[in-house]
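Within every chain, numbering begins at 1; the chains are lettered A, B, ... in the order of the sequence lines, protein sequences first and strands thereafter. Everything numeric in this text was worked out from a predicted model, so none of it was measured.
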There are 2 protein chains.
Amino acid sequence: MERKQRLVRERIVQAADELFARKGFDNVSVSDIAAHADVGRTTFFRYFGDKQEVVFAKEQQMLDAIADTAHLGTAGAAATAAEAVEQLRPLVLDLCDRATTDPEAYLRHTELVELHPELRGRDAEKAQLVAVALGDVLIRRGTDELTAVFAAQIALACYQTARRMPGTAASLTDNTRAAFDRARDLGRDATDHPAGAK
Amino acid sequence: MERKQRLVRERIVQAADELFARKGFDNVSVSDIAAHADVGRTTFFRYFGDKQEVVFAKEQQMLDAIADTAHLGTAGAAATAAEAVEQLRPLVLDLCDRATTDPEAYLRHTELVELHPELRGRDAEKAQLVAVALGDVLIRRGTDELTAVFAAQIALACYQTARRMPGTAASLTDNTRAAFDRARDLGRDATDHPAGAK
């Protein structure tokens, strides 16, 4: 995206954030956001499909960031599911870092989503899109599709676990890393406690 | 739910299914569904929050079924994450069986969700509600919250992997079982291929 476009996009996001915080998500229209950002409605819709999308502007950037990663191509095909999950670990931890760069903005976002059922749906959908993007990275590296889809869902599960843990924005990355460790150790646990023994 | 209520609910779901198939989801209103089911709009909204909810009537039954499971209380607290995931395995496989009892209805549902972005969001949200319900089962059995949340997300990841595999309704349960096997074996893979070696 060109610099000017990035700035307009950023201005819309900031205008929306301000209005949501001041008047409440439900009481803000696309026209309000456009006016506050000093752009027309047409311009708004060039950047965002609807009001909800502005809330997930960061998620869209994350999806773009994941797609870019695939082109780096430092790693090859993963031979096992465990290796595939480990290939996704640094990508997901990087997403956690990006999501929490501004801790207050992260908490505002989390609260907003929690309070609005329609945003929870969009949030869950974006998370699945992240999983698809992560799976695609593995597939482009030559990993078979089943392993890639499975590993991406496990990676998403680690991230979702961390998001559901009580804790501040600062602990999101650490909690996600801990969940990846747990996923890696699943089979080791199972050796001590035979699966299905109960 | 009383028998009469169940029948009314069922009639609304069936009326909606017929209208969605005949006219397309977007061209059917709550009033259309109510009229076709021979109930008033007020009655419709006693059972469903909106038109989308009718599409996920089965998911709501699943959530109720999971909550019921917790009261059976045959298993105790899980000592490890692996054991917690294994405790959820039969529950999730049972959900898969229920979801695909009527294979054609399952495929119609899948297609409908895939074609409508707003339904994809609701679908992803329902999946997260299933994870919350699964985690609650473990917590009520005495498993610590972190392990419960993690295991529930891993169980959901197995289910989501299977849903994303090409295949008919008939293979959903088997594919989910295979994903649970893969999750159980993650640590074993890792022993052969040291994590982070690549």
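- Cluster annotation: Leu7(B) and Phe45(B) are assigned to distinct hydrophobic clusters (Ile/Leu/Val/Met/Phe/Trp/Tyr, side-chain heavy-atom contacts under 4.5 Å, transitive).
- The stretch residues 95-117 of chain A places Pro117(A) near chain B, each with some heavy atom under 4.5 Å from a heavy atom of that chain.
- When each of Pro90(B), Ala179(B), Cys158(B) is scored by its heavy-atom pairs under 4.5 Å with chain A, the top score falls to Ala179(B).
- Residues of residues 120-135 of chain B that come within less than 4.5 angstrom of chain A, heavy atom to heavy atom, are Arg120(B), Gly121(B), Ala124(B), Glu125(B), Gln128(B) in numerical order.
- Of residues 146-156 of chain A, those residues lying under 4.5 Å from chain B by any heavy-atom pair are Leu146(A), Thr147(A), Val149(A), Phe150(A), Gln153(A), Ile154(A).
- In the hydrophobic clustering of ILVMFWY residues, with side-chain heavy atoms under 4.5 Å counting as a link, Tyr159(B) and Leu93(B) come out apart.
- The minimum heavy-atom distance between Leu186(A) and Ala82(B), with the atom names listed, is O-CB, 3.4 Å.
- Below 4.5 Å, heavy atoms of chain B meet no heavy atom from residues 18-40 of chain A.
- Cluster membership for Leu63(A) and Leu138(A), using ILVMFWY side-chain heavy atoms within less than 4.5 angstrom, is shared.
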